[in-house]
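Taking it in order: structure first as structure tokens, then the write-up.
When a ligand or atom number is given, it counts from 1 through the structure's own listing order.
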Amino acid sequence: MAKVTIVGATGQVGSYVAHAVSQFPHVQEMCLYGRPGNETYLDGLAHDMMDSFAARGTNTRVTFGTTPKDLRGSDIIVLTSGIPRKATQTRLDLALENARIVKGYAEQIGRMAPEAILLVVTNPVDIMTTVALKYSGMMPHRVFGLGTHLDSMRLKACLAEFFNVHVSEVHTRIIGEHGDTMVPMWSATTVGGIQIDNLLGVARLPREEMIQRVKSSGSYIIQAKGATVYGPGDAIATLTRTIVEDENRMLTVSTQIRREVCGHEGICVSVPARITRGGVFPIAVKFSDEEEQMFAKSVQLIRETTDKVCAVLDAESRL
Ligand SMILES: NC(=O)C1=CN([C@@H]2O[C@H](COP(=O)(O)OP(=O)(O)OC[C@H]3O[C@@H](n4cnc5c(N)ncnc54)[C@H](O)[C@@H]3O)[C@@H](O)[C@H]2O)C=CC1
Ligand SMILES: O=C([O-])CC(=O)C(=O)O
């Protein structure tokens, strides 16, 4: 049984995730966590969710909190607090402002719930995952980011549509940055268990167009309806269920790599990782030459931005 805490529960993604995750049988307590001053909203949200659970027959207890002690006892914490981008911005534009928010919560979580597993959602997610790891002081396998799991699901949907099959027939993964330098692993893409290069229809597959669609999916949805909610929300819910129910799955999430992957180390970036109740562990994988080169560019961009952001945060802490 687990206590799951959603930090940023008043937000669009946070409130959807809280509702989606509460339905899993092993979730005993759902704690809605927000900023001081938001107590009335959080209480209303808790009551609304309890009505929903009564209607659905869900037995999860809903609590809310705004002070660090409320984080105690959490088994999984999902961090969604932060500014969302406007359609004209890139995720990287949010880096410094959101890093300040993530640092504050990471310090609280590191003090109050160091044994929890922390799933970072705030963008730019790879950089925020390193910030959360650094300032929480938690073990690397206990802090990870949503990363390219969502992008992998978006590519899966495109491929299912193209091959006209149920989504469960498609397996595919994207690694690297949750952003423009993401790297599709065509080498690991199968439909009905068949590597796509062995499918006769593959010659017509518009690979570049599909990847562009995945890359621009977030900004397209933000422009059209203001925010992405259900896609990230259910991707986060899957990862949370994987941990709570110890499903031992291998998915691409942002995790600190230590030379397992093409010799890069010390940075959070999406790679295939084993996800268990005990934490998240990157897997040593051999990529194709092209994937390896593209991955190196992604790592470089994330590293440069992470270093800049952490230098500012460190300078501010010394003031
Ligand atoms: N990694 C991913 O794939 C995705 C990441 N996101 C990111 O998640 C974050 C939240 O997105 P939404 O829920 O749509 O935004 P939202 O505006 O609906 O909610 C933002 C949440 O952050 C809190 N917050 C804002 N400023 C704060 C501050 N200074 N200190 C403490 N808390 C603060 C708000 O109270 C609210 O709970 C954004 O950074 C967004 O880019 C969103 C979707 C997918
Ligand atoms: O695009 C955004 O800003 C939100 C996000 O990361 C996504 O939905 O992929």
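On a distance-only criterion, T122 and ligand 1 share no N/O pair closer than 3.5 Å. Among the atoms of T228, none of the N or O lies under 3.5 angstrom from an N or O of ligand 1. The shortest N/O to N/O separation between V121 and ligand 1 falls below 3.5 Å.
Of all atoms in ligand 1, numbered sequentially from 1 with element shown, those under 4.0 Å from a heavy atom of G8 are 37 (O). Ligand 2 places these atoms under 4.0 Å from at least one heavy atom of L150: 7 (C), 8 (O), 9 (O). Ligand-side atoms of ligand 1 in range of L150: 3 (O), range being under 4.0 angstrom from any heavy atom. Contact atoms of ligand 2 toward N123: 2 (C), 3 (O), 4 (C), 5 (C), 6 (O) (distance under 4.0 Å to a heavy atom of the residue). Ligand 2 places these atoms under 4.0 Å from at least one heavy atom of I222: 1 (O), 2 (C), 3 (O). Residue contact check: N98 has heavy atoms under 4.0 Å from atoms 39 (O) of ligand 1. Atoms of ligand 2 found under 4.0 Å from any heavy atom of G218, numbered from 1 in the order shown, are 1 (O). In summary, the atoms of ligand 2 found under 4.0 Å from a heavy atom of H178, numbered by their order in the structure, are 5 (C), 6 (O), 7 (C), 9 (O). Atoms of ligand 1 lying under 4.0 Å from at least one heavy atom of L146, given by number and element, are 1 (N), 2 (C), 3 (O). Counting atoms of ligand 1 from 1 in the listed order, those under 4.0 Å from a heavy atom of V125 are 1 (N).
Summary of contacts: the protein heavy atom closest to atom 44 (C) of ligand 1 is P232 CB, 3.4 Å. The protein heavy-atom contact nearest to atom 2 (C) of ligand 2 is R85 NE, 3.3 Å. Of the protein's non-hydrogen atoms, the one nearest atom 42 (C) of ligand 1 is V13 CG2, 3.8 Å. Protein heavy atom nearest atom 38 (C) of ligand 1, with residue, atom name and distance: I83 O, 3.4 Å. Among all protein heavy atoms, the one lying closest to atom 4 (C) of ligand 1 is N123 ND2, 3.6 Å. Protein heavy atom nearest atom 29 (N) of ligand 1, with residue, atom name and distance: I101 CD1, 3.4 Å. Nearest non-hydrogen protein atom to atom 3 (O) of ligand 1 is H178 NE2, 3.2 Å.
T242 and E247 form a side-chain donor-acceptor contact under 3.5 Å, judged by distance and modelled atom types alone. A donor-acceptor pair shorter than 3.5 Å can be found between the side chains of Y135 and D314. A donor-acceptor contact closer than 3.5 angstrom links the side chains of E291 and S187. In this structure, a donor-acceptor pair under 3.5 Å is present between the side chains of T66 and E39. Between the side chains of D43 and T40, no donor-acceptor pair is found at a separation under 3.5 Å. Using modelled atom types, one finds a donor on one side chain and an acceptor on the other under 3.5 Å when comparing S270 with T148.
Of the possible polar contacts, one joining the K215 side chain to the D180 backbone as a donor-acceptor pair under 3.5 Å is found. Judged purely by atom type and a 3.5 angstrom limit, S74 has no side-chain atom pairing as donor or acceptor with the backbone of K3. Side chain of H19 to main chain of S15: no donor-acceptor pair is present (N/O by atom type, distance under 3.5 Å, no hydrogens or angles). Checked by atom type and distance alone, the side chain of D151 never pairs as donor or acceptor with a backbone atom of I174 at under 3.5 Å. R249 contributes no side-chain N or O that, together with a main-chain N or O of R274, makes up a donor-acceptor pair within less than 3.5 Å. With hydrogens and angles ignored, the 3.5 Å screen pairs a side-chain donor or acceptor of K225 with a backbone N or O of A227. Side chain of E177 to main chain of T181: a donor-acceptor pair is present (N/O by atom type, distance under 3.5 Å, no hydrogens or angles).
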**OP:** Could you please spell out the steps behind the side chain to side chain contact (heavy atoms under 4.5 Å, CB included) verdict for R204 and F162?
**Re:** CA-CA 10 Å; R204 288 179 289 107; F162 179 84; 4.1 Å; yes
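Neither the backbone nor the side chain of V125 comes within contact range of ligand 2; no heavy atom lies under 4.0 Å. Looking at I221 against ligand 2, nothing comes within 4.0 Å, counting heavy atoms. Neither the backbone nor the side chain of D151 has a heavy atom within less than 4.0 Å of ligand 2. For R154, every heavy-atom contact with ligand 2 shorter than 4.0 Å involves the side chain, none the backbone.
For the residues E97, R35, Q12, H149, the heavy atom positioned nearest atom 32 (N) of ligand 1 is part of R35. The closest heavy-atom contact to atom 17 (O) of ligand 1, among the options G231, G11, P84, comes from P84. Nearest residue to atom 20 (C) of ligand 1 from G82, S81, S15 is G82 (criterion: closest heavy atom). With distances taken over non-hydrogen atoms, the option nearest atom 8 (O) of ligand 1 out of T10, T80, V17, N38 is T80.
The pair R207-D197 counts as a salt bridge, with a side-chain nitrogen and a carboxylate oxygen less than 4.0 angstrom apart.
Proximity of the aromatic rings of Y33 and F64 is defined here by a centroid distance below 6.0 angstrom, and this criterion is not met.
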